Amino acid sequence: MSEHRPPLSPWPEDPPHHGAVTLRAVQDADVEMARELSEDPYVPLIGTLPAHGSGEELTAWIRRQQGRHAEGTGFAFTITDADDTPVGHCGLWLRNLHQGRASAGYAITPSARGRGLAADALNALTRFGWSLEGLHRIELFIEPWNTASVRTAERAGYVREGLLCSHQEIGGRRRDMLLYAAVRP
């Protein structure tokens, strides 16, 4: 039996933005950004992006991201910098919107890290989330060793709520996850 999902809010007319980044719809031309993320040792372990993806695999991943809104699972965005260069990917996943909750994820390409772009993207994504009717809480799940993501979450106003032991499988092993959350102001 499939889960019924209510229709999502329309795609934003004005792209979400904050600081040095803008979030826009995923485009076919984002394949090089996807390729760089697929070469990262960690990013492919935590999502659907194939590790060391071929052109065909990366194109299929882009197509899946382009369809997330239409299928009702959430909003997938490409993160662009001030020069409109794709520097990463983020998403607001709304499987639990009927309970007032969403989860967020983000990844910045290795070549663009260290410039605060992840925190800017998470701020933009969170502000966009508060525009969605019925959303009251956005959650992040971060491995305890991932100090860069912890700093990103905290810089974007997320609060650590606890440690979830053996919360999910990543790379074939059960992993503990820190739970960070933002609550609608």
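Please read all numbers here as calculations on a predicted model, not as lab measurements.
Annotation: the span from F128 atom CZ to H17 atom NE2 amounts to 13.5 Å, rounded to 0.5 Å. Taking CZ from R35 and CG from L49, the interatomic distance works out to 10.5 Å, rounded to the nearest 0.5 Å. Residue T22 holds its OG1 atom at 7.5 Å from CG of D84, rounded to the nearest 0.5 Å. To the nearest 0.5 Å, the span separating NE2 on H89 from OG1 on T109 amounts to 13.0 Å. For the atom pair T78 OG1 and Q66 CD, the distance stands at 8.5 Å (nearest 0.5 Å). Here the CG atom belonging to L140 is positioned 8.5 Å from the OG atom belonging to S103, to the nearest 0.5 angstrom.
A continuous path of hydrophobic side-chain contacts links F77 to W130 [ILVMFWY only; heavy atoms under 4.5 Å]. There is no path of hydrophobic side-chain contacts, each under 4.5 Å, that joins V21 to V26. Linking ILVMFWY residues whenever their side-chain heavy atoms come closer than 4.5 Å, directly or via other members, leaves L37 and L117 in distinct clusters. Taken together through direct or relayed side-chain contacts under 4.5 Å among Ile, Leu, Val, Met, Phe, Trp and Tyr, V43 and I79 form parts of separate hydrophobic clusters.
Under the 3.5 Å distance criterion, the side-chain polar atoms of H18 are left unmatched by any main-chain donor or acceptor of L122. At least one donor-acceptor pair under 3.5 Å links the side chain of T73 to the backbone N or O of R68. Using a distance-only test at 3.5 Å, with no hydrogens or angles considered, a donor-acceptor pair links the side chain of D120 to the main chain of A20. With hydrogens and angles disregarded, no donor-acceptor distance shorter than 3.5 Å links the side chain of S149 to the backbone of N146.
For H136, the side chain to side chain contact (heavy atoms under 4.5 Å, CB included) criterion is met by R184, not counting sequence neighbours. For the side chain to side chain contact (heavy atoms under 4.5 Å, CB included) test, residues two or more places apart in sequence or in another chain that qualify with D81 are D83, T85, V87, R115. Shown here are the ring pair (Phe, Tyr, Trp, His ring centres under 6.0 Å) partners of Y106, two or more places apart in sequence or in another chain: there are none. Listed by chain and number, the residues in a side chain to side chain contact (heavy atoms under 4.5 Å, CB included) with D14 amount to none (sequence neighbours excluded).
The shortest side-chain heavy-atom distance between T152 and Y158 does not fall under the 4.5 Å cut-off. Taking 4.5 Å as the limit, some side-chain heavy atom of L132 sits within range of a side-chain heavy atom of L94. Residues S111 and E36 are in side-chain contact: their nearest non-hydrogen atoms beyond the backbone lie under 4.5 Å apart. In this structure the side chain of W11 reaches within 4.5 angstrom of the side chain of H69, judged on heavy atoms. Two residues are said to be in side-chain contact when any heavy atoms from C-beta on lie closer than 4.5 Å; P16 and L125 fail this criterion. Inter-residue side-chain proximity for R63 and T59 is flagged as met; some heavy-atom pair is nearer than 4.5 Å.
Between G129 and L135 the shortest heavy-atom distance is O-CD2, 3.3 Å. Scanning all heavy atoms of the two residues, the minimum distance from P44 to S38 falls at CG-O, 3.5 Å. Heavy atoms only, all atoms of each residue included: I142 and A153 are closest at CD1-CB, 3.9 Å.
Aromatic ring centres of W93 and F75 lie farther apart than the 6.0 Å criterion allows.
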*Given the rule in the side-chain contact (heavy atoms from CB on, under 4.5 Å) test, do D30 and R24 qualify, once you have shown the distances and angles that lead to the verdict?*
CA-CA 11 Å; D30 295 335; R24 63 154 169 79; 2.7 Å; yes
*asked:* Under the criterion salt bridge (charged side-chain N to carboxylate O under 4.0 Å, His left out), I'd like the reasoning laid out for D40 against R113: C-alpha separation, chi angles, the key distance, then a yes or no.
replied: CA-CA 12 Å; D40 183 87; R113 291 178 185 160; 3.0 Å; yes
*Using the side-chain contact (heavy atoms from CB on, under 4.5 Å) rule, take L178 and E143 through it: C-alpha gap first, then chi angles, then the decisive distance, then the call.*
CA-CA 6 Å; L178 295 172; E143 286 195 72; over 6 Å; no
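Counting side-chain heavy-atom gaps under 4.5 Å among Ile, Leu, Val, Met, Phe, Trp and Tyr, the cluster of Y42 also holds L45, I46, F141, W145, L164, I170, M177, L179.
Counting only residues at least two apart or in different chains, salt bridge (Lys or Arg N to Asp or Glu O under 4.0 Å) contacts with residues 144-170 comprise R137-E161.
Side-chain contact, E56 with S54: no donor N or O sits under 3.5 Å from an acceptor N or O. For the residue pair S9 and E133, no side-chain donor N or O sits within less than 3.5 Å of a side-chain acceptor on the partner.
Atom CZ of R174 is surrounded by more than 12 heavy atoms from other residues, nucleotides or ligands within 6.0 Å.
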